[in-house]
Amino acid sequence: MTAAIEIQGLHKSFGDLEVLRGVDFTVAQGEVVCVIGPSGSGKSTLLRCANLLEEPTSGRVVVAGADLTDPDLDIDRVRRRIGMVFQQFNLFPHLNVLENLTIAQRRVLGRDRAEAERTARANLERVGLADKEAGYPAQLSGGQQQRVAIARALSMGPELMLFDEPTSALDPELVGDVLGVMRSLADEGMTMLVVTHEMGFAREVADRVVFMDDGVVVEEGSPDEVLGNPRHERTRSFLARVVNPGDAPPADAQS
């Protein structure tokens, strides 16, 4: 199967702090890969390297056949093929929902207003917010803002989507609607690389789960393998604290 994302020997340091210490893995076209792990394990840095929001210290990142570490690459052209959804919604507060979805289409893709608005409305329909096009971000709940952010990314016609803990800033009762949109995208065959702490979503939707800790991939496999029967003690201790926090010993007791 053709690779949508291929990461080889990825290292990333911030000064003396080495955050990624030789990461290798591949995401196939149409595959949903969920990356899990404790805070500080390098998950979000990995995702940001996947569209060159962070410059790798060494290694290769190949997206849809384009080597993002090639200094001659037109990175903006490649980024048009990659949708990115962040923890915070990053909507323009002074623009209404429809304008938030059309501004990049018009300025980056060169679409005229009519085409951009048709595309925006179709994607607002996809995320269940067709009635919110005239609203402003401050008038929306966090879950609605995140769904607008997803619709904005989809309006650019991406070949793959990157999600950086898209529900972490949401109240618990708002999480389900966002995850429902992501499930629909997976059902449609969208290639997705998702950093998440939602284990139920990873178990239900992911084709593959990658567990990271301390800047490396500790193990990867199907959800049943990694979440249901992990091979490594570090994975088991992490899942014990996440799934049944009251039953797990303190972190400093697990070495």
Asker: Side chain of R147, backbone of V127: donor and acceptor closer than 3.5 Å?
Answerer: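 It does hold such a pair.
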
Asker: Given side chains that start at C-beta, do those of L140 and K132 come closer than 4.5 Å, heavy atoms only?
Answerer: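 They are in side-chain contact.
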
Asker: Between R121 and E117 (salt bridge meaning N to carboxylate O under 4.0 Å), is one present in this structure?
Answerer: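 Salt bridge: yes.
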
Asker: Looking at T167 and L170, would you say the former's side chain and the latter's main chain have a donor-acceptor pair under 3.5 Å?
Answerer: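 No, because the side chain of T167 does not come within donor-acceptor range (under 3.5 Å) of the backbone of L170.
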
Asker: Do the charged groups of E6 and R60 touch, with an N to O distance under 4.0 Å?
Answerer: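 Result for this pair is no, no salt bridge flagged.
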
Asker: For the residue pair L154 and P158, what are the closest heavy atoms and their distance?
Answerer: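 For L154 and P158, the tightest heavy-atom pair comes out as O-CD, 3.5 Å.
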
Asker: Between E188 and R126 (salt bridge meaning N to carboxylate O under 4.0 Å), is one present in this structure?
Answerer: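 Answer for the salt bridge query: yes.
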
Asker: Which distance, rounded to the nearest 0.5 Å, do you find between the CD of E165 and the OG1 of T196?
Answerer: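 Interatomic distance, E165 CD to T196 OG1, rounded to 0.5 Å: 7.0 Å.
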
Asker: Is any side-chain heavy atom of T235 closer than 4.5 Å to a side-chain heavy atom of V226?
Answerer: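 SC-SC contact between T235 and V226 confirmed.
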
Asker: Cluster partners of L109, using ILVMFWY side-chain heavy atoms under 4.5 angstrom, listed by chain and number?
Answerer: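 Other cluster members: V108, M156.
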
Asker: Could you tell me whether the side chain of R21 and the main chain of D214 form a donor-acceptor pair under 3.5 Å?
Answerer: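 Yes; at least one donor-acceptor contact below 3.5 Å.
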
Asker: Any side-chain to backbone donor/acceptor pair from E219 onto R231? Under 3.5 Å, distance only.
Answerer: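 Between the backbone of R231 and the side chain of E219 there is a qualifying donor-acceptor contact (under 3.5 Å).
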
Asker: Nearest 0.5 Å please: distance from the CG atom of L160 over to the CE atom of M84.
Answerer: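 Reported value, rounded in 0.5 Å steps: 11.0 Å.
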
Asker: To check you understand the geometry: which heavy-atom pair defines the closest contact between D24 and E220, and what is its length?
Answerer: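 The pair with the smallest heavy-atom distance is O-OE2, 4.2 Å.
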
Asker: Has the side chain of D171 got a donor or acceptor atom that lies under 3.5 Å from a matching backbone atom of L174?
Answerer: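 No; judged by distance alone, with no hydrogens or angles, the pair does not exist.
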
Asker: Hey, could you give me the CZ/CG distance between R152 and L98, rounded to the nearest 0.5 Å?
Answerer: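 Rounded to the nearest 0.5 Å, the CZ-CG separation comes out at 13.5 Å.
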
Asker: To the closest 0.5 Å, what do you measure between CD (E125) and CD (E133)?
Answerer: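 If I round to the nearest 0.5 Å, the distance is 11.0 Å.
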
Asker: Assess whether side-chain contact (heavy atoms from CB on, under 4.5 Å) is satisfied between R111 and T119, documenting all intermediate values.
Answerer: CA-CA 10 Å; R111 292 174 179 164; T119 301; 3.7 Å; yes

Asker: How far apart are the C-alpha atoms of D224 and S222, what are their side-chain angles, what is the distance that settles it, and do they pass the side-chain hydrogen bond (donor to acceptor under 3.5 Å, both in side chains) test?
Answerer: CA-CA 5 Å; D224 285 344; S222 71; 5.3 Å; no

Asker: Are L47 and I75 connected into the same hydrophobic cluster when the rule is that any two of I, L, V, M, F, W, Y join if their side-chain heavy atoms are below 4.5 Å apart?
Answerer: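 Yes, one cluster joins them.
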
Asker: I'd like to know whether S44 forms a side-chain hydrogen bond (donor to acceptor under 3.5 Å, both in side chains) with D164, so could you lay out the CA-CA distance, the side-chain angles of the two residues, the decisive distance to 0.1 Å, and finally the verdict.
Answerer: CA-CA 6 Å; S44 291; D164 187 6; 2.7 Å; yes

Asker: Are V85 and L162 close enough that some pair of their side-chain heavy atoms sits under 4.5 Å apart?
Answerer: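 Side-chain contact under 4.5 Å: no.
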
Asker: I'd like to know if the side chain of D70 reaches the main chain of A66, judged simply by a donor and an acceptor atom lying under 3.5 Å from each other, with no hydrogens or angles considered.
Answerer: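 No: the side chain of D70 does not pair with the backbone of A66.
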
Asker: Taking E31 for the side chain and A28 for the main chain, is one N or O donor matched with an acceptor at less than 3.5 Å?
Answerer: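 Side chain of E31 to backbone of A28: a pair is present.
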
Asker: Is there a side-chain contact between M182 and V32 in this structure, where contact means two heavy atoms from C-beta onward sitting under 4.5 Å apart?
Answerer: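 No, their side chains stay 4.5 Å or more apart.
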
Asker: Does L52 offer a backbone N or O that forms a donor-acceptor pair with the side chain of R79 under 3.5 Å?
Answerer: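 Yes, the answer is positive, given that a donor and an acceptor are paired below the 3.5 Å cut-off.
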
Asker: For the atom pair CZ (R234) and CG (L239), what is the distance rounded to the nearest 0.5 Å?
Answerer: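 So the CZ of R234 and the CG of L239 are separated by 9.5 Å.
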
Asker: Taking the side chain as C-beta and beyond, is there a heavy-atom pair between Q87 and P166 under 4.5 Å?
Answerer: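 In short, these two side chains do not touch, never coming nearer than 4.5 Å.
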
Asker: If we only count heavy atoms from C-beta on, is the F201 to R183 side-chain gap below 4.5 Å?
Answerer: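 Yes - at least one pair of side-chain heavy atoms lies under 4.5 Å apart.
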
Asker: Quick check: does any side chain N or O of N229 sit under 3.5 Å from a backbone N or O of E225, one acting as donor and the other as acceptor?
Answerer: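 Checked: no pair found.
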
Asker: Would you name the heavy atoms of M161 and A153 that are closest together and state the gap between them?
Answerer: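 Result for this residue pair: CE-CB, 3.8 Å.
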
Asker: If you define the side chain from C-beta out and look only at heavy atoms, does anything of H232 sit under 4.5 Å from S237?
Answerer: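 H232 does not reach S237 side chain to side chain.
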
Asker: Within this structure, what is the CG-NZ distance for the pair L193 and K43, rounded to the nearest 0.5 Å?
Answerer: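 Separation between the atoms: 12.0 Å.
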
Asker: Between V178 and I150, is a side-chain contact (heavy atoms from CB on, under 4.5 Å) present by the stated rule, with each step listed?
Answerer: CA-CA 9 Å; V178 173; I150 294 172; 4.1 Å; yes

Asker: Would you check, one step at a time, whether the test side-chain contact (heavy atoms from CB on, under 4.5 Å) holds for V194 with V35?
Answerer: CA-CA 6 Å; V194 184; V35 183; over 6 Å; no

Asker: The test is side-chain contact (heavy atoms from CB on, under 4.5 Å); show your working for H197 and I36 and say whether it passes.
Answerer: CA-CA 6 Å; H197 59 275; I36 64 171; over 6 Å; no

Asker: Check whether any side-chain heavy atom of L101 lies under 4.5 Å from a side-chain heavy atom of V148, and answer yes or no.
Answerer: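 Yes - at least one pair of side-chain heavy atoms lies under 4.5 Å apart.
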
Asker: With no hydrogens and no angle check, is any side-chain donor or acceptor of N100 less than 3.5 Å from a backbone partner on L95?
Answerer: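 Here the side-chain-to-backbone pair exists.
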
Asker: What pairs of donor and acceptor atoms, side-chain ones from residues 10-20 against any protein atom, are under 3.5 angstrom apart with sequence neighbours left out?
Answerer:
unit_1, atom_1, unit_2, atom_2, d
H11, ND1, E18, OE2, 2.9
H11, NE2, G22, N, 3.4
K12, NZ, E55, O, 2.8

